[in-house]
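Just so we're on the same page: letters track the sequence lines, and every chain starts at 1. Source: prediction; values computed, not measured.
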Amino acid sequence: MRTYKSVLAEHASRVLQVPETDVLALIEYPPNRELGDLALPCFRFARTLRRSPQEIAAELASALQSVDAFASATQAGGYVNVHFSRSQAAQAVVDQVQQDVDGFLSSRRLAGHRVAIDYSSPNIAKPFGVGHLRSTMIGQAIVRLLEADGSETVGINHLGDWGTQFGKNIVAYLKWGDEEVVRQDPVRELLGLYVRFHEEAKADPSLDDEAREWFKKLEDGDERAVQLWQWFITESRKVFDETYRLLGVSFDYYLGESFYNDKMQAVVDELRDKGLLTHSEGAEVVDLSEWNMPPCIIVKSDGATIYATRDLAAALYRHDELGADRLIYVVGSEQTLHFQQLFKVLERMGRPWAGDCRHVAFGMMKYNGERLSTRRGKVIYLEDVLQQAIQEAKSIIEAKNPNLADKDAVAKAVGVGAVVFNDLKNDRMHEVDFRFEDVLNFDGETGPYVQYTHARACSVLRKAGLKDDGKLTVDAYTQVDDLTWNLVHHLAQANEVFERAVDDLDPSQLARYVLDLCHHFNRFYHDVPILSAAAQLRQERLALTNACRMLIKKVLFLLGLEAPERM
RNA sequence: GCGCCCGUAGCUUAGUGGAUAGAGCGCUGGCCUCCGGAGCCAGAGGUCGGGGGUUCGAAUCCCUCCGGGCGCGCCA
């Protein structure tokens with residue numbers, strides 16, 4: 001929909017004879033709602049127009065009086081503040097949300113694009129810990145955001161299914177493993193074997209040699225090695241898929257590292273043909289000193305390739321074979337340099353789309369201030385965290401709403417929602433010190449708070465007899481009090497927040513937005529009677545409630561949370 | 001040593017050059033004969049890490065220092 005900012009910008013731009021985009025960038029929300037619904041500081045125009053900000057603001061204020069959408073325009077120092085015509089705005093906003101939430105949120109700016117998103121990407125035979133939550137849920141949210149903005153997406157799980165660690169896994173399993181025990185709980189058992197390997201290898205370095213031999217066998221296609229490796233993958237996948245099912249996460253492709261084994265020679269050949277490879281300390285590298293980066297190693301001194309080579313092959317595959325015009329990697333910030341190198345090498349290889357590659361980095365997850373370490377067996381299983389949160393939700397339901405139908409399904413939605421939202425609401429670059437007390441708290445700025453608000457809105461609408469996809473038409477809003485207006489005004493900002501979230505690949509903006517929206521709704525709900533209002537008002541308030549319900553549900557979906565109608 | 005990221009209330013944080021720095025948790029005190037109290041309201045709590053600068057205006061931009069994190073060729 002047409003935003004109020006652009007209406008203001010258009011008029012101000014015409015009056016002042018300055019470009020509309022310049023005006024648009026300056027428009028802000030006044031710090032105090034009595035001042036107005038939008039504000040335009042005029043200080044910036046003073047120099048070019050050779051007039052005082054106050055004078056400019058005064059001129060604008062009087063010119064904007066006549067604009068239909070504005071109820072008033074006043075000068076306040078160097079600012080001009082406008083109030084919207086409330087009844088007109090409320091009617092338009094509520095109607096448009098109900099008509100088409102998707103269209104209200106998005107103008108489908110990415111139509112025609114196809115974006116590949118690499119997210120989650122856990123390692124085979126390793127636990128899926130809380131740390132993986134970040135890549136998984138930020139990635140999933142980005143997929144939904146981009147799709148909502150019109151893009152096609154290709155979600156890729158780049159499983160860590162190759163590398164020398166599998167030699168260790170095989171050795172440990174053959175020495176100390178038991179098939180039945182592993183089958184019971186594959187990931188935990190394999191991790192135990194892996195940790196034991198590292199402990200014993202300290203005293204007996206020959207184990208490392210054995211591990212190397214077994215990995216070599218795997219590379220050479222040794223039947224036993226391949227069979228064990230595939231078994232590890234199968235068992236790990238079962239466990240991962242269980243977690244993905246719980247989280248509601250899915251992928252278009254599971255393409256692990258091993259998928260590119262036969263695609264790396266072509267990369268090496270191309271780099272060599274293009275004269276980008278140089279010999280250095282026994283290895284072959286792409287020199288990046290011109291860009292102040294260390295060289296990117298392509299072929300190790302033992303002749304083997306390395307992850308950079310693999311990632312290059314993967315990037316080419318995603319672009320050339322999967323048809324993506326833009327690549328996104330949702331990977332921890334410790335790999336920032338690697339991706340800078342990767343994108344630079346792609347550019348030097350003559351791939352113009354290298355400029356459209358993005359590394360969506362995020363801070364590290366810690367526990368009690370300490371780094372989690374798979375190798376030392378220091379792991380918090382995401383599955384455990386989710387189950388605890390679900391238990392917590394279940395006991396709250398038993399206490400507050402014991403007659404609820406589908407208690408288990410709701411407990412799952414709320415418990416998982418709490419964990420997911422908790423991770424999505426903050427700036428992803430921040431380090432996270434994982435604390436159960438935060439995740440298991442369902443009050444305040446949390447997923448359950450948003451879900452609760454949604455359920456509340458559903459409840460009112462249900463009592464009013466509104467059908468599931470019903471729409472309530474209102475011809476004109478009569479009285480729009482402050483609480484109602486604050487809610488409408490916030491609703492109207494959905495589109496600009498959505499676009500910022502897409503542009504920044506930052507789901508936390510939407511998480512913050514929906515928290516604010518819920519807060520405004522709860523205040524409205526608390527103080528403004530809906531069902532008991534007189535017929536006309538009742539209809540207006542129900543329509544507004546319905547619009548909120550729809551938008552909250554939509555945003556929860558984008559963030560990967562369910563929206564139960566009762567809880 | 002070099003590079004990147006982070007530093008805002010006891011804790012977690014919002015804020016992408018504009019007006020009096022907003023929230024949540026925790027704490028204190030209110031609000032269910034009224035649409036769901038996982039809620040609402042109020043209170044206490046801030047030298048926006050320190051210091052310089054740019055600007056009419058800086059938590060925000062630049063410089064510098066301090067504290068923390070992550071990287072810095074054959075792991076991914």
Q: Side chain of R44(A) only, please: which of rC56(B), rG36(B), rU16(B) is the nearest?
A: rC56(B)
Q: Give A308(A) one of three labels, base, sugar-phosphate or nothing, depending on what nucleic acid heavy atoms sit under 4.0 Å from its own.
A: nothing
Q.
Let's see if you can work this out: which of rC72(B), rG69(B), rG36(B) has an atom nearest to the side-chain heavy atoms of E431(A)?
A. rG69(B)
Q: Considering only atom C1', compute the distance from rA59(B) to rA14(B) and round it to an integer number of Å.
A: 11 Å
Q | Closest to the K366(A) side chain, choosing from rG17(B), rC70(B), rU12(B) | A | rC70(B)
Q) Taking only N and O in the side chain of H338(A), is any of them less than 4.0 Å away from OP1 or OP2 of rC70(B)? A) no
(Q) Using the ring centroid of each side chain, check whether F362(A) and H430(A) are separated by less than 6.0 Å. (A) no
(Q) Would K366(A) and D433(A) count as a salt bridge (charged side-chain N to carboxylate O under 4.0 Å, His left out) here? Give the steps. (A) CA-CA 5 Å; K366(A) 303 207 167 184; D433(A) 196 354; over 6 Å; no
Q. Considering only side-chain heavy atoms of F43(A), which listed nucleotide, rA19(B), rC56(B), rC35(B), is closest?
A. rC56(B)
Q. Taking the six-membered ring for Trp, are the ring centroids of Y317(A) and F259(A) within less than 6.0 Å of each other?
A. yes
(Q) Give me the distance, rounded to whole Å, that separates rC6(B) from rC63(B) when you measure between the P atoms they each carry. (A) 14 Å
Q | Sugar-phosphate only, base, or nothing, as touched by P53(A) at under 4.0 Å among non-hydrogen atoms | A | nothing
Q: Look at all strands and tell whether I306(A) reaches a base, only sugar-phosphate, or nothing, counting heavy atoms closer than 4.0 Å.
A: sugar-phosphate
Q. Given that both distances must come in under 3.5 Å, which nucleotide forms a Watson-Crick or G-U wobble pair with rG67(B)?
A. rC6(B)
Q. rC34(B) P sits how many Å from Y525(A) OH, rounded?
A. 12 Å
Q: Name the nucleic acid region contacted by V439(A), choosing base, sugar-phosphate or nothing; use a 4.0 angstrom heavy-atom cut-off, strictly under.
A: nothing
Q.
If I pick the P atom on rC2(B) and the same atom on rA44(B), what distance separates them, to the nearest angstrom?
A. 47 Å
Q | Pairwise P distance for rG17(B) and rA58(B), with rounding to whole Å | A | 14 Å
(Q) If you compare every side-chain N and O of R456(A) against the phosphate oxygens of rC35(B) (OP1, OP2), does one of them come in below 4.0 Å? (A) no
Q | Test of ring centre spacing under 6.0 Å for H338(A) and Y307(A) | A | yes
Q) Whole Å only: how far is the CZ atom of R512(A) from the P atom of rU16(B)? A) 13 Å
Q) Who is the Watson-Crick or G-U wobble partner of rC72(B), with both distances under 3.5 Å? A) rG1(B)
(Q) Using a 4.0 Å heavy-atom cut-off, does V299(A) contact any base of the nucleic acid, only the sugar-phosphate backbone, or nothing at all? (A) nothing
Q) Which base sits across from rU20(B) as a Watson-Crick or G-U pair, both distances under 3.5 Å? A) none
Q. So which nucleotide does rC40(B) pair with, by the Watson-Crick or G-U wobble rule with both distances under 3.5 Å?
A. rG30(B)
Q) Rounded to whole angstrom units, what separation is found between the CG atom of L531(A) and the P atom of rG36(B)? A) 8 Å
Q) Heavy atoms under 4.0 Å, any strand shown: does D427(A) hit a base, just sugar-phosphate, or nothing? A) sugar-phosphate
Q.
Regarding rG36(B), can its base be found pairing with the side chain of S459(A) as donor and acceptor, where the two atoms are less than 3.5 Å apart?
A. yes
Q. Does OP1 or OP2 of rU16(B) have a side-chain N or O of R500(A) closer than 4.0 Å?
A. no
Q. Contact class for I397(A) vs. all strands (heavy atom < 4.0 Å): base, sugar-phosphate, or nothing?
A. base
Q. Hey, is the side chain of H526(A) poking within less than 4.0 Å of OP1 or OP2 on rG37(B), counting only N and O atoms?
A. no
Q. With syn defined as a glycosidic torsion within 90 degrees of 0 and anti otherwise, which applies to rC32(B)?
A. syn
Q: Hunt down the Watson-Crick or G-U wobble partner of rA59(B), both distances under 3.5 Å, from any strand shown, or write none.
A: none
**Q.** Which nucleotide in rC56(B), rC25(B), rA19(B) has an atom nearest any side-chain atom of P30(A)
**A.** rA19(B)
Q. If you check every side-chain atom of N32(A), which of rU20(B), rA19(B), rU12(B) has the closest atom?
A. rU20(B)
Q. Side-chain N or O of R371(A) less than 4.0 angstrom from OP1 or OP2 on rC70(B)?
A. yes
Q) From the list rG37(B), rC5(B), rG69(B), which nucleotide is the closest neighbour of the side chain of Y452(A)? A) rG37(B)
Q | Phosphate OP1/OP2 of rC40(B) contacted by Y449(A) side-chain N/O (<4.0 Å) | A | yes
Q: Compute both the distance and the angle, then confirm whether K126(A) meets the cation-pi test with F128(A): under 6.0 Å from the six-membered ring centre, within 45 degrees of the axis.
A: no
Q: Indicate, with a heavy-atom threshold strictly under 4.0 Å, whether R435(A) touches base, sugar-phosphate, or nothing.
A: sugar-phosphate
**Q.** K425(A) vs rU12(B): side-chain N/O to OP1/OP2 distance below 4.0 Å
**A.** no
Q) What do you reckon, is NZ of K378(A) surrounded by more than 12 foreign heavy atoms closer than 6.0 Å? A) yes
**Q.** Ring centres under 6.0 angstrom apart (F524(A), H520(A))
**A.** no
Q) Does a side-chain N or O from S333(A) land closer than 4.0 Å to OP1 or OP2 of rC70(B), or not? A) no
Q: May I ask you to check whether over 12 heavy atoms, not counting those of Q391(A), lie within 6.0 Å of atom CD?
A: no
Q) In whole angstroms, how far is the P atom of rU12(B) from the CG atom of D443(A)? A) 19 Å
Q. Taking atom types as modelled, is there a side-chain donor on T446(A) or D443(A) under 3.5 Å from an acceptor on the other?
A. no
Q) Just how far, in rounded Å, is C1' of rC31(B) from CZ of R523(A)? A) 15 Å
Q) Taking CG from N522(A) and P from rC31(B), how many angstroms apart are they, rounded to a whole number? A) 20 Å
Q: Under 4.0 Å between any heavy atoms, over every strand shown, what does V285(A) touch: base, sugar-phosphate, or nothing? Just pick one.
A: base
Q.
Under 4.0 Å, heavy atoms only, any strand: does E257(A) hit a base, just the sugar-phosphate, or nothing?
A. sugar-phosphate
Q: For nucleotides rU20(B) and rG3(B), find the distance between their P atoms and express it as a whole number of Å.
A: 38 Å
(Q) Between the base of rA19(B) and the side chain of N81(A), is there a donor and acceptor pair under 3.5 angstrom? (A) yes
Q) Closest to the E334(A) side chain: rC70(B), rU55(B), rC72(B)? A) rC70(B)
Q | Test of ring centre spacing under 6.0 Å for H359(A) and F343(A) | A | no
Q) For Q335(A) and rC72(B), what is the distance between atoms CD and P respectively, to the nearest whole Å? A) 10 Å
Q: Rounded off to whole Å, could you give me the NE2-to-C1' distance for the H490(A) and rA14(B) pair?
A: 12 Å
Q: Check whether the side chain of Q509(A) and the base of rU16(B) form a donor-acceptor pair under 3.5 Å.
A: yes
